[in-house]
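See below for the structure under consideration.
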Amino acid sequence: MNDLARTPTPGTAYILSTTSLPVLAVGVLYEVFLGHRHDYTGHFAAGYGGTLGAMMVMFRVQSAEQFTRSAQWSVVLMCVACILLGAVAEATAFRIAKFDEIDFCNQSIGAVLASMATLALVGQTKPPDKILDTGLISAIAILGVGGCFAVA
């Protein structure tokens, strides 16, 4: 029997640690080494939170069959879509003087890390909606923290 089929359904503590620990660890590194530029941490966290939220919503609306068949590829496609959305946002809504490549890079790093964290939820079966809702709440909180750091 496949090991993934025997894996128990992840609990709330698992989803919170899986979604929060990576952003906390890297966010601390951003502050330690680049603390003079809090907006770098903010753009990273916003990219992470936005992408994580998009992943949770995407998983929530997928049927169990779709999830089983294409969850890994949908994570990759959603990651690319979120990075492209970040580029559009940076070039339009958040553009003050010009497209800021460093902000875009930090957002993209957050998006890729969130996608990697989301892969921990990909298995043989779709996680329960409660788990995905908890991940979405975590994503909203992270996005909010990112917004606070980005304007500081």
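Fair warning: this is a prediction, and the values are worked out from it, not measured in the lab.
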>> Counting C-beta onward and ignoring hydrogens, is there a side-chain heavy-atom pair between Pro127 and Phe67 closer than 4.5 Å?
In response: yes
>> Nearest 0.5 angstrom please: Leu136 CG to Ile131 CD1, how far?
In response: 13.0 Å
> Is it the case that one hydrophobic cluster holds both Leu119 and Ile109, taking links as side-chain heavy atoms less than 4.5 Å apart, direct or via other members?
Replying inline: yes
>> With a 4.5 Å cut-off on side-chain heavy atoms, are Leu113 and Val23 touching?
In response: no
> Can you check whether Gln124's main-chain N or O pairs, donor with acceptor, with Thr68's side chain at less than 3.5 Å?
Replying inline: yes
>> Same cluster or not: Met78 versus Val57, using hydrophobic residues (I, L, V, M, F, W, Y) connected whenever any side-chain heavy atoms lie under 4.5 Å apart?
In response: yes
> Roughly how far, to the nearest 0.5 Å, is CZ of Phe59 from CE of Met56?
Replying inline: 6.0 Å
> Under 4.5 Å between side-chain heavy atoms, hopping through other hydrophobics if needed: is there a path connecting Ile102 to Val26?
Replying inline: yes
> So which heavy atom on Ser74 is nearest to which on Gln62, and how close?
Replying inline: OG-NE2, 3.4 Å
> With a 4.5 Å heavy-atom cut-off, do Ser115 and Thr51 have their side chains touching?
Replying inline: yes
> Looking only at heavy atoms, which two atoms of Ala87 and Phe99 are closest? And how far apart?
Replying inline: O-CE1, 3.5 Å
> Taking C-beta and beyond as the side chain, do Gln66 and Val61 meet within less than 4.5 Å on heavy atoms?
Replying inline: no
>> Please give me the minimum heavy-atom distance between Gly49 and Ala139, naming the atom from each residue.
In response: O-CB, 3.4 Å
> Checking Tyr48 side chain against Ser108 main chain: does a donor-acceptor pair fall under 3.5 Å?
Replying inline: no
> Do the non-hydrogen side-chain atoms of Asp100 and Glu90 ever get within less than 4.5 Å of each other?
Replying inline: yes
> Just how far is it from atom OG1 of Thr41 to atom CG of Leu29, taken to the nearest 0.5 Å?
Replying inline: 10.0 Å
> So which heavy atom on Thr18 is nearest to which on Ala120, and how close?
Replying inline: CG2-CB, 3.6 Å
> Minimum heavy-atom separation for Gly86 to Gln107, with atom names?
Replying inline: O-OE1, 3.5 Å
> Are Leu52 and Phe149 connected in the hydrophobic side-chain network, where two residues link if heavy atoms are under 4.5 Å apart?
Replying inline: no
> What's the verdict on side chain to side chain contact (heavy atoms under 4.5 Å, CB included) for Cys79 and Met55, showing C-alpha distance, side-chain angles and the deciding distance?
Replying inline: CA-CA 8 Å; Cys79 179; Met55 297 286 183; 4.2 Å; yes
>> Checking Leu132 against Ile15 for the side chain to side chain contact (heavy atoms under 4.5 Å, CB included) test, could you report, in this order, the C-alpha distance in whole Å, the side-chain angles of both residues, the deciding distance, and whether it holds?
In response: CA-CA 8 Å; Leu132 299 175; Ile15 186 69; over 6 Å; no
> Under a 4.5 Å side-chain heavy-atom rule over Ile, Leu, Val, Met, Phe, Trp and Tyr, are Val28 and Phe33 clustered together?
Replying inline: yes
>> Can you confirm whether or not the ring centre of Tyr30 sits under 6.0 Å from the ring centre of Phe44?
In response: yes
> Roughly how far, to the nearest 0.5 Å, is the OG atom of Ser138 from the CG atom of Leu143?
Replying inline: 11.0 Å
>> Using modelled atom types and a 3.5 Å cut-off, is there a donor and acceptor pairing between side-chain atoms of Ser17 and backbone atoms of Tyr14?
In response: yes
>> For Gln72, I'd like to know if atom CD has over 12 heavy atoms of other residues, nucleotides or ligands within 6.0 Å.
In response: no
>> Test your reading of the model: is there a side-chain donor-acceptor pair from Lys126 to the backbone of Ser63, 3.5 Å cut-off?
In response: no
> Less than 4.5 Å apart, any side-chain heavy atom of Met116 and any of Pro22?
Replying inline: no
